[in-house]
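Input: a single structure, listed below in structure tokens.
Remember, it's 1-based here, ligands and their atoms both numbered in the order they're listed. Atoms considered below: every heavy atom in the structure, side chains included; atoms not considered: hydrogens, waters and symmetry mates. Here the structure is a predicted model, which is why all the values come from computation and not from measurement.
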Amino acid sequence: AAKGAGRRQHVLFTAELDRAARDRVQMQTELRHAIDREEFVLHFQPRVRPADGKVISAEALLRWQHPQRGLLPPGAFIELAEACGVIEEIGAWVLAAACAQAAAWRRQGIALGRLSINVSTRQFVSGDLPARVRSTLERHRLPGNALELEVTESLLTNDPGEARAQLAELRGRGVTVALDDFGTGYSSMAMLRQLPIDVMKVDRSFVVGLGHDDGAMAVTRAIVALAHSLRLHLVAEGVETEAQAEVLRALGCDELQGYLFSRPVPAAQFPALPGLAPPAAGGRLSLVP
Ligand code: C2E
Ligand code: MG
Ligand code: MG
């Protein structure tokens, strides 16, 4: 605990520390079995077109249906999964489950452009991500442009397993790459210019102040201008109020995501969301541009 808090200090033993350490070990063991026990589920949050609120894409967000602790959000276990190495296996499960769902929705004629998944930096270490994505897409007969991978700035600053080359290969297959949580990391302007990405997601922390905080407004305006001058598609996350949506619409943001439109929902509830184009006659896929 002393090391974890920045070293050069001491921490007295407490029953609480002991419990936390035991908890971690137990969670790790449980995480390793969670895939076989089919305890993971994906929830889906729509991303809408600002002009008319039409759902044009969605983000898959992982949940762990823990037998004792209930439905856990990723904040409760992703870090641990990264630390103990199971994240690669979990990531592969997420990819397969998201592609299976995207294919099922296509068969039902649900008009969804892309489905995005979150990919941890650790998943680039082995170098086999592009091959895995390719085989998963093929297995589900999906084109590359049905899938978007959300990565974070740390991937591009650390470049594990020559991540940039892997991203280039994926983009070559039509897969979209999005930079998640933009503005919370340490991207330099020099680096931004040459990032192998197509989409930028403005972090919720900027969206929160829109409509009442002039500073947040100025920064968001600058981010929109930056994204567009780099020819990136811009998605705003964490949109909770009509006032925030209005500002983002006026600034020319390309897609909006947040509780205002819908919380992440289980797959079964997704087709009933307002803003989703009804299936075309005969169940044919009608792609919203
Ligand atoms: P993220 O990718 O930035 O996802 C957005 C998070 O914001 C989600 O939290 C979502 O539920 C939440 N959110 C969406 N709209 C709103 C809003 O209007 N207001 C507020 N307050 N929150 C909103 P969630 O599902 O708890 O996920 C947290 C993070 O966990 C994600 O952040 C992502 O980094 C990570 N994560 C989720 N699924 C996966 C996964 O399959 N693999 C990996 N490696 N990480 C994942
Ligand atoms: Mg994300
Ligand atoms: Mg984010």
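Without hydrogens or angle criteria, D181 side chain to T152 main chain gives no donor-acceptor distance under 3.5 Å. Without hydrogens or angle criteria, Q123 side chain to S120 main chain gives a donor-acceptor distance under 3.5 Å.
Under the 4.0 Å criterion applied to side-chain N and carboxylate O atoms, E148 and K201 are not assigned as salt-bridge partners. A salt bridge links D18 to R22: one of the charged nitrogens lies within less than 4.0 Å of a carboxylate oxygen. Ion pairing between E242 and R249 holds under the 4.0 Å rule for side-chain N and carboxylate O. No salt bridge links E82 with R122; every basic N to acidic carboxylate O contact stays at or beyond 4.0 Å. Ion pair R114/D198 not flagged as a salt bridge, since none of the NZ, NE, NH1 or NH2 atoms sits closer than 4.0 Å to an Asp/Glu carboxylate oxygen. No salt bridge links R132 with E88; every basic N to acidic carboxylate O contact stays at or beyond 4.0 Å.
Among protein heavy atoms, the minimum distance from atom 42 (N) of ligand 1 is reached at N118 O, 3.3 Å. Protein heavy atom in closest approach to atom 26 (O) of ligand 1: P74 CD, 3.6 Å. Looking at atom 38 (N) of ligand 1, its nearest protein heavy atom turns out to be L62 N, 3.1 Å. Given atom 12 (C) of ligand 1, the protein heavy atom at minimum distance is Y259 OH, 4.3 Å.
Between F270 and F44, the ring-plane angle classifies as perpendicular under the 30° and 60° cut-offs. Ring geometry for F77 against W64 counts as perpendicular: the plane angle is over 60°, on a 0 to 90° scale with 30° as the lower cut.
Counting heavy atoms under 4.0 Å from ligand 1, residue E237 touches it through the side chain alone. When non-hydrogen atoms are compared, ligand 1 lies under 4.0 Å from the side chain of D180 (C-beta onward) but not from its backbone. Contacts of K201 with ligand 1, taken as heavy-atom pairs under 4.0 Å, are absent altogether. Under 4.0 Å from ligand 1, not a single heavy atom of Q257 appears. Within the 4.0 Å heavy-atom criterion, the part of I78 lying near ligand 1 is the side chain and not the backbone.
In R69, the CZ atom is crowded: over 12 heavy atoms of neighbouring residues, nucleotides or ligands sit closer than 6.0 Å. Atom CD of E79 has 12 or fewer neighbouring heavy atoms from other residues, nucleotides or ligands inside a 6.0 Å radius. Within a 6.0 Å sphere centred on CD of E162, other residues, nucleotides and ligands contribute 12 heavy atoms or fewer. In Q9, the CD atom is crowded: over 12 heavy atoms of neighbouring residues, nucleotides or ligands sit closer than 6.0 Å.
Listed by number with element, the atoms of ligand 1 under 4.0 Å from a non-hydrogen atom of P264 are 11 (O). For ligand 1, the atoms sitting less than 4.0 Å from at least one non-hydrogen atom of R63 are 11 (O), 24 (P), 25 (O), numbered in the order shown with element in parentheses. Each of the following atoms of ligand 1 lies closer than 4.0 Å to a heavy atom of Q45: 14 (C), 15 (N). Atom numbering of ligand 1 starts at 1 in the shown order; those under 4.0 Å from a heavy atom of G258 are 15 (N), 18 (O). Of all atoms in ligand 1, numbered sequentially from 1 with element shown, those under 4.0 Å from a heavy atom of V94 are 41 (O). Heavy-atom contacts of E240 reach the following atoms of ligand 1: 17 (C), 18 (O), 19 (N), 20 (C), 21 (N) (cutoff under 4.0 Å).
Within E59, the N, O or S atom at minimum distance from the Mg ion (ligand 2) carries the name OE2. The Mg ion (ligand 3) sits nearest to atom OD1 when only the N, O or S atoms of D181 are considered.
The distance from the Mg ion (ligand 2) to the nearest N/O/S atom of N118 is under 2.8 Å. Distances from the Mg ion (ligand 2) show that E150 has an N/O/S atom below 2.8 Å.
Where the criterion is an N or O separation shorter than 3.5 Å, residue side chain and backbone included, L61 fails it with respect to ligand 1. At least one N/O-N/O distance between D181 and ligand 1 falls below 3.5 Å.
Within a 4.0 Å radius of atom 32 (O) of ligand 1, the protein has no heavy atom. Note that atom 7 (O) of ligand 1 has no protein non-hydrogen atoms nearby, at separations under 4.0 angstrom.
There is no side-chain donor-acceptor pair under 3.5 Å between E240 and Q244.
Put simply, the angle at the Mg ion (ligand 3) from OE2 in E237 to OD1 in D180 is close to 100°, to the nearest 10°.
At a 4.0 Å cut-off, at least one heavy atom of E59 sits close enough to ligand 1 to count as contact. Contact between G75 and ligand 1 is absent, with no heavy atom of the residue lying under 4.0 Å from the ligand.
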